[in-house]
Amino acid sequence: MKEFWTSMAFLMGVFAFFQSILHAVFPPELRFAVLKLFHRVFLCFSTYCYFDITEIDGVNTNELYHAVQLYLSRSASVAASRLSLSRGLNSSAFTFGLTSNDCLVDTFCGATATWEHVVTQRQSQTFSWRPLPGEKRSFTLRIKKKDKPLILPAYLDHIMETATDLRRRNQDRLLYTNSRGGSIESRVVPWESVPFKHPSTFDTLAMDSSRKELIMADLKDFAEGKAFYEKTGRAWKRGYLLYGPPGTGKSSMIAAMANYLGYDVYDLELTEVHTNSELRKLLMKTTPKSIIVIEDIDCSINLTNRSSKKLASPYDLRPTGGCGAEDVHAAAKTMTLSGLLNFTDGLWSCCGSERIFVFTTNHVEELDSALLRSGRMDMHILMSYCSFPALKILMKNYLGLEDGELGGDTQENCGLLRELEEVIDDAEITPADVSEILIKNRRREKREAMAELLEALKARAEKRKKERGGSSATARKKSLDDEMEEEEEQEKRALESPKESGEEMDGCNGKEEKREED
Ligand SMILES: Nc1ncnc2c1ncn2[C@@H]1O[C@H](COP(=O)(O)OP(=O)(O)OP(=O)(O)O)[C@@H](O)[C@H]1O
Ligand SMILES: [Mg+2]
């Protein structure tokens with residue numbers, strides 16, 4: 001740093017000296033040419049090279065300037081003694097910045113880079129169609145000439161990437177929705193957003209820890225897998241299908257995924273999308289590092305339209321029978337499953353990268369096999385009734401039970417826990433219902449709350465047993481009734497029209513004979 005300032009001071013001194021001589025002796029044009037020449041000669045002999053990154057490039061804002069500003073703010077917070085502080089729109093974090101004419105040294109791949117923030121007054125007579133700030137701001141990067149091929153442009157790429165990452169981290173994550181009513185085609189901005197503040201995390205999610213870890217590892221691999229996806233020629237995206245009864249944590253899982261990766265969430269309301277082209281428009285307006293969610297996919301779209309007899313093939317909207325144009329036109333005006341699959345899986349899925357698609361459903365059996373086939377949704381995750389490990393997480397969350405207390409270390413808890421473990425599977429209760437019971441009892445003493453939960457689970461298990469017993473008895477009775485009805489029917493047919501029955505037999509035989517003849 002000291003070396004930098006010494007050379008700058010020396011340079012300024014030489015400049016001032018020459019300028020005063022030139023001013024006295026030469027006319028302005030010649031003076032300018034000589035100064036330019038002097039500058040060139042100086043740069044030729046210098047071991048450094050300089051890069052100016054101005055805030056405004058012509059009339060456009062220079063993205064690199066803002067990226068450098070953000071990038072340097074990382075180290076500015078510790079390295080500088082006077083800093084500028086700012087907080088951006090939609091951001092909950094403060095950003096440090098270099099004040100005017102301050103310097104900072106950075107290293108990259110073993111090379112030293114010195115940054116100076118240069119602020120000068122803009123000349124008032126400068127004409128521009130756009131109002132320009134009163135100050136001219138730029139960063140000057142100084143690196144050794146020998147380092148130039150080594151670190152450029154990799155250093156600048158690194159700065160851009162780091163800045164994008166920082167910007168994302170500093171900004172509040174957003175939850176986007178397309179359900180605003182009206183046609184998407186007519187909107188300038190098809191998505192509307194609000195800050196995403198869902199508190200669900202993988203810690204609070206009630207689920208077996210081994211499955212949770214598997215999902216977290218999968219998400220991490222995905223987020224860090226840029227090189228892998230490039231190498232294998234795959235679009236950088238991943239699909240998850242979450243299925244299970246209502247209240248088992250599908251939406252909570254999506255929020256936990258978003259919080260874990262720090263991604264935005266796009267909640268796609270398919271019933272608001274009327275055509276495949278609207279769907280494409282929505283996709284094109286999503287940002288990378290986001291989760292695109294379609295909840296209750298079975299209720300959102302007529303998923304049987306792939307197998308509709310009118311269509312020649314699932315991906316082909318041309319009708320098989322005759323008429324053509326009108327039907328094609330009508331089909332193009334609707335949203336189809338093939339349109340949706342193209343959105344997630346086809347060529348359109350590649351516009352933008354690092355995106356996760358999550359579909360949820362309560363009725364996986366009703367989904368078209370095209371949605372379930374391997375490779376389409378990379379992971380199918382069953383969100384099921386509350387298991388004992390999941391119950392322990394909920395008790396920890398709501399009652400504040402410690403790991404020791406949940407491990408059965410406490411003598412009194414031991415019996416209660418064992419009973420809870422015995423009854424939980426038979427109760428077939430969702431984590432949402434368990435949460436409700438625990439919320440009601442959260443102010444009580446832990447043991448009392450657990451005892452209350454046990455009672456509720458026992459009652460639920462009893463009810464389930466009766467339902468099962470009832471339903472199997474009903475099923476048994478129904479099949480007996482059916483059998484009796486069938487027998488009665490046969491007897492009736494035999495008594496009423498013996499001839500007919502004989503004909504049927506004959507008919508059969510006749511057929512047999514005919515086949516033999518053939
Ligand atoms: N696995 C879980 N872990 C923690 N909390 C859960 C879990 N499942 C449900 N809950 C609680 O129940 C509430 C409802 O859960 P959630 O909305 O995630 O269920 P869902 O499966 O999406 O239901 P639906 O199918 O009706 O959309 C949540 O707010 C959460 O408090
Ligand atoms: Mg849900």
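Whatever order the structure lists them in is the order used to number ligands and atoms, beginning at 1. Scope of the values below: all heavy atoms of this structure, side chains included, with no hydrogens, waters or symmetry mates.
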Decide, counting backbone as well as side-chain atoms, whether Thr360 has an N, O or S atom less than 2.8 Å from the Mg ion (ligand 2).
-> no
Glu354 pairs by side chain to side chain donor-acceptor pair (under 3.5 Å) with which of Tyr229, Tyr263, Trp236?
-> Tyr263
Heavy-atom cut-off of under 4.0 Å around ligand 1: list whichever protein residues fall inside it, by chain and number.
-> Thr204, Leu205, Ala206, Pro246, Gly247, Thr248, Gly249, Lys250, Ser251, Ser252, Asn362, Leu394, Tyr398, Pro431, Ala432, Ser435
Can you find a side-chain donor-acceptor pair between Ser251 and Glu295 that sits under 3.5 Å?
-> yes
I would like to know whether Tyr240 and His380 meet ring-ring contact (aromatic ring centres under 6.0 Å, His included); could you show each step before the answer?
-> CA-CA 6 Å; Tyr240 297 88; His380 294 190; over 10 Å; no
Partner of Tyr266 by side chain to side chain donor-acceptor pair (under 3.5 Å), out of Thr287, Asn178, Thr177 = Thr287
Do Thr361 and Asp296 have side-chain N/O donor and acceptor atoms under 3.5 Å apart?
-> no
By side-chain contact (heavy atoms from CB on, under 4.5 Å), Glu402 pairs with (sequence neighbours left out) Glu405
